[in-house]
Visitor: 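Okay, here's the structure, questions in a sec.
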Amino acid sequence: MGLGWAELTAAASLVPSAASEAFAAGEDQQALTLLRRARDGQPAQSAQWAYLERLTGLVLIHLQREVEGTFALDRADALLEAFGWPMPTLDALTGD
């Protein structure tokens, strides 16, 4: 069962605005730190955790840390699929 509009909005609201702002300003390390803090504030292995873990992985790949990023995507994608949540892209960070 897919998410409705309210659930999708709630998923997007998990992303700290400061992380989005840092990423937009080219401060990728700061964005990564803020995403990790937000992720660690969620229950482990929850859909919310997985949503933020996927974004963390995408930022790692953007930083050319492909191995770490790929492992993060592997952890996140299986959970997101199981929960029926969307797979966020970097657009979720940039607000596009």
Side-chain angles (χ1 to χ4, degrees):
M1 178 182 203
L3 298 179
W5 178 253
E7 292 86 359
L8 288 174
T9 302
S13 72
L14 291 169
V15 179
S17 60
S20 295
E21 292 165 9
F23 190 76
E27 299 172 10
D28 301 339
Q29 288 290 347
Q30 179 67 13
L32 181 61
T33 297
L34 294 168
L35 284 171
R36 284 177 166 165
R37 287 179 185 162
R39 177 203 62 199
D40 292 348
Q42 299 299 321
Q45 307 301 308
S46 66
Q48 295 86 349
W49 179 92
Y51 190 89
L52 292 165
E53 175 72 349
R54 179 171 172 76
L55 287 174
T56 297
L58 292 171
V59 172
L60 285 165
I61 291 169
H62 179 78
L63 287 167
Q64 298 182 353
R65 292 168 56 184
E66 291 88 1
V67 173
E68 288 176 87
T70 300
F71 282 127
L73 295 182
D74 287 345
R75 287 188 296 270
D77 289 357
L79 288 169
L80 290 170
E81 187 174 313
F83 286 113
W85 276 50
M87 303 281 181
T89 65
L90 282 178
D91 289 344
L93 253 182
T94 62
D96 292 338

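Atom set for the values below is all heavy atoms of this structure, side chains included, hydrogens, waters and symmetry mates excluded. Residue numbers count from 1 along this sequence.
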Visitor: Would a hydrophobic clustering, with Ile, Leu, Val, Met, Phe, Trp and Tyr connected at side-chain separations under 4.5 Å, put Leu90 with Leu52?
Guide: yes
Visitor: How many angstroms lie between CZ in Phe83 and OH in Tyr51, if you round to the nearest 0.5 Å?
Guide: 15.5 Å
Visitor: Please give me the minimum heavy-atom distance between Ala31 and Ala19, naming the atom from each residue.
Guide: CB-O, 3.5 Å
Visitor: Please give me the minimum heavy-atom distance between Ala50 and Leu79, naming the atom from each residue.
Guide: CB-CB, 3.7 Å
Visitor: Kindly compute the distance separating CD (Gln29) from CD (Glu27), expressed to the nearest 0.5 Å.
Guide: 11.0 Å
Visitor: Which value, rounded to the nearest 0.5 Å, describes the distance between Thr56 atom OG1 and Glu68 atom CD?
Guide: 11.0 Å
Visitor: For atom CD of Glu66, is the number of surrounding heavy atoms from other residues, nucleotides or ligands below 6.0 Å larger than 12?
Guide: yes
Visitor: Mind checking whether Pro86 and Leu80 have side chains closer than 4.5 Å, heavy atoms only?
Guide: no
Visitor: Is there a path of hydrophobic side-chain contacts, each under 4.5 Å between heavy atoms of I/L/V/M/F/W/Y residues, joining Trp49 to Met87?
Guide: yes
Visitor: Main chain of Leu93, side chain of Ser20: is a donor-acceptor contact present, judged purely on distance under 3.5 Å?
Guide: yes
Visitor: Are Leu34 and Leu14 connected in a single hydrophobic cluster, I mean Ile/Leu/Val/Met/Phe/Trp/Tyr linked by side-chain heavy atoms less than 4.5 Å apart?
Guide: no
Visitor: For the atom pair CG (Leu58) and CG (Leu63), what is the distance rounded to the nearest 0.5 Å?
Guide: 11.0 Å
Visitor: State, with a plain yes or no, whether a side-chain heavy atom of Asp28 is found less than 4.5 Å away from one of Leu32.
Guide: no
Visitor: Out of curiosity, Arg36 CZ to Glu53 CD, how far, rounded to the nearest 0.5 Å?
Guide: 8.5 Å
Visitor: Considering all heavy atoms of both residues, which atom of Ala38 and which atom of Pro16 are nearest to each other, and what is their separation?
Guide: CB-CG, 3.6 Å
Visitor: Can you measure from CG (Leu73) to CG (Leu55) and round to the nearest 0.5 angstrom?
Guide: 9.5 Å
Visitor: Is the side chain of Arg54 donor-acceptor paired with the backbone N or O of Pro88 at a distance under 3.5 Å, no angle test?
Guide: yes
